[in-house]
Each structure stands twice: as structure tokens, then as C-alpha cells.
Amino acid sequence: MIYRFTLMCDEVDNFKRIFEADSEATFLQFHNAILESVGYPDDQMTSFFICNDRWEKEQEVTLMEMESTYEYDNMVMESTRLSELLTEEKQKLIYVFDPMFERNFFGELTAILPGKNMEGVQCVEKKGKAPVQLQTEDDLMSSLNATPDIDEDFYGDSEYDLDELDPDGYGDLSFDDNSIL
């Protein structure tokens, strides 16, 4: 069977990669196809996470054997086949490409196609430019220090009344007050 995956990234507009993979291909083959499609070097401790429908991480598949502290077994890309963890269309996965700052591609198994034969994993469609692989601390600090261009009235600053401020802070709130319940 052939698995079709769609990968997207929330950091850049119009980024999408579509891959087709033999269901018996390994996560390492998928990892290598992703890196090749975005032009990243293979020098980071990347991981895949199989996710639930709310994008909560569940099973991790690591590049190298690591000690497991999760409720899930440690699985390694080289020896884990896609079909071992991905069995249904619409399953979600995350590919962590920048482990230092937890930056990801979000993926979905969009189709399972019977009857086709292929080897490994291939990128069959590229759209948009991938984000820079690694952020530096300077990149992070500049994005944190950036001041958004917001209209002053957006938060009601022009209507602010100093008399409305409780100087004791939350003075009317009491945990013994049954009205909260």
C-alpha cells in the first residue's frame, strides 16, 4: 500500500509538502525525504510524534535510541516501519525539525492508496519555501521584543479609568465566597 502524507508549517505562508511512501518504508526514510525536500542538513536530533486528533503528542519515534521516560516504548526511526504506527487515514503526526526551540512540521496521513508499488518515500509535490531550520537565541529575542502594530483603542486604553483599579488587587474575590461556585 502507498501512504500519502501532507506536511505543513504554521511559521510560513503557503508551505506544503506531499509525500508518497511505501507503507513498509521506515520513519528514517521518511525523515530523509523530508530533509531533502526542504534542503536541511541531517545534523539535528529530530523526532516524529504520532498525535491524537487534538495534536497532543503520543508515541515518539526518535533518530537514535534514547532512554524512555514516557508511557510509550522508545521507537527508533531506522527500525520502525510506517505501517507499525500509522494505520488509518487522517492520523496526525508532528516532525520536530528544530529540537532546541520545538519547531515542527504538522503532518497528516491524507490517503492510503491500494494497488501501487514503490520503494521508500518520495516528495511528489512542493509548495512554498521552508522556514529556516534553526532559530538562534537572537532570532527568538527579536521576535519576543517586536512590538505589534496595534491601534491604541484595541484594548480600550483610551477609555481607561484609574478609579476602576482595585489598589489591593482582586479585593472582592474570596475563596470562601459561595457566589463563585
Side-chain angles (χ1 to χ4, degrees), residues 1-136 139-140 143-144:
M1 288 208 254
I2 301 300
Y3 286 174
R4 180 173 292 149
F5 295 96
T6 301
L7 261 61
M8 303 180 97
C9 183
D10 60 355
E11 292 183 28
V12 291
D13 292 333
N14 299 321
F15 173 83
K16 179 168 72 170
R17 297 291 186 270
I18 297 178
F19 296 88
E20 287 190 356
D22 184 304
S23 61
E24 295 303 306
T26 65
F27 277 88
L28 182 61
Q29 290 172 301
F30 193 15
H31 157 81
N32 290 332
I34 292 170
L35 293 181
E36 183 179 323
S37 79
V38 295
Y40 295 166
D42 189 7
D43 61 356
Q44 297 299 309
M45 287 300 298
T46 60
S47 291
F48 285 96
F49 286 91
I50 307 303
C51 300
N52 63 23
D53 289 337
R54 295 182 310 267
W55 293 101
E56 295 169 338
K57 295 176 182 176
E58 292 181 344
Q59 177 65 57
E60 181 177 16
V61 183
T62 58
L63 190 56
M64 300 173 80
E65 183 77 36
M66 302 180 102
E67 203 164 306
S68 181
T69 59
Y70 297 104
E71 62 186 84
Y72 301 100
D73 293 334
N74 184 304
M75 301 187 95
V76 180
M77 289 183 200
E78 184 176 25
S79 60
T80 306
R81 302 204 177 281
L82 298 173
S83 61
E84 290 178 53
L85 299 175
L86 300 165
T87 57
E88 299 175 8
E89 289 184 1
K90 305 299 180 198
Q91 276 187 278
K92 295 178 178 5
L93 60 103
I94 291 175
Y95 177 75
V96 180
F97 63 86
D98 180 357
M100 180 67 98
F101 292 104
E102 294 260 345
R103 296 169 58 230
N104 316 306
F105 293 133
F106 297 91
E108 182 176 88
L109 176 56
T110 50
I112 298 176
L113 309 169
K116 291 176 83 176
N117 289 328
M118 68 177 297
E119 288 189 27
V121 182
Q122 297 174 359
C123 182
V124 295
E125 185 180 327
K126 293 180 183 181
K127 183 178 177 188
K129 186 176 175 186
V132 174
Q133 182 180 19
L134 300 176
Q135 274 191 334
T136 64
D139 294 337
L140 182 63
S143 67
L144 291 175

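As the structure is a computational prediction, the values presented were derived from the model and not from experiment.
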T62 and S47, any side-chain heavy atoms less than 4.5 Å apart: yes
_Between V96 and T46, does the side chain to side chain contact (heavy atoms under 4.5 Å, CB included) criterion hold? Intermediate values first, please._
CA-CA 5 Å; V96 180; T46 60; 5.7 Å; no
In this structure, CG of L109 is separated from CZ of F19 (nearest 0.5 Å) by 13.5 Å
Here the gap from Q29 atom CD to H31 atom NE2, rounded to the nearest 0.5 Å, amounts to 11.5 Å
For side chain to side chain contact (heavy atoms under 4.5 Å, CB included), just list the numbers for F30 and Y95, CA-CA rounded to whole Å, side-chain angles, deciding distance to a tenth of an Å, and then say yes or no.
CA-CA 10 Å; F30 193 15; Y95 177 75; over 6 Å; no
Check: Would you say the side-chain atoms of E89 pair up with the backbone N or O of I112, donor to acceptor, closer than 3.5 Å?
Finding: yes
Next item on the list: May I ask you to decide if E24's main-chain N or O and R81's side chain share a donor-acceptor pair within less than 3.5 Å?
Entry: yes
Q) Around E56, counting heavy atoms of other residues, nucleotides and ligands shown, do more than 12 lie under 6.0 Å from its CD? A) yes
Test side chain to side chain contact (heavy atoms under 4.5 Å, CB included), reference M77, set T26, V61, N32, output is V61
Taking the side chain from R103 and the backbone from V132, do they hold a donor-acceptor pair closer than 3.5 Å? yes
Is it the case that the side chain of N52 and the backbone of R54 share a donor-acceptor pair, with hydrogens and angles ignored and the cut-off at 3.5 Å? yes
Fill in: Any donor-acceptor N/O pair, Q91 side chain to L85 backbone, under 3.5 Å
yes
Closer than 3.5 angstrom, by distance alone: can the side chain of T110 be matched with the main-chain N or O of R4 as a donor-acceptor pair? yes
Run the side chain to side chain contact (heavy atoms under 4.5 Å, CB included) check on M118 and D22 step by step: do they pass? CA-CA 6 Å; M118 68 177 297; D22 184 304; 4.3 Å; yes
The ring-ring contact (aromatic ring centres under 6.0 Å, His included) partner of F97 among F106, F48, F105 is F105
- Query: Quick one: are T80 and L28 in side-chain contact, heavy atoms under 4.5 Å?
  - Reply: no
TODO: Run the numbers on T6 and K16 for side chain to side chain contact (heavy atoms under 4.5 Å, CB included), then give the verdict.
DONE: CA-CA 7 Å; T6 301; K16 179 168 72 170; 3.8 Å; yes
Measuring only between side-chain heavy atoms, which start at C-beta, is K126 closer than 4.5 Å to S37?
yes
Nearest heavy-atom approach of I34 to L7 is CD1-CD2, 3.6 Å
Result for side chain to side chain contact (heavy atoms under 4.5 Å, CB included) between I50 and one of Q59, E60, K92 points to Q59
Counting only heavy atoms not in Q44 (residues, nucleotides, ligands), do more than 12 fall under 6.0 Å from its CD?
yes
Hits for salt bridge (Lys or Arg N to Asp or Glu O under 4.0 Å) against K127, two or more places apart or cross-chain, chain-then-number order -> none
CZ (R17) and CD (E125) are apart, to the nearest 0.5 Å, by 9.5 Å
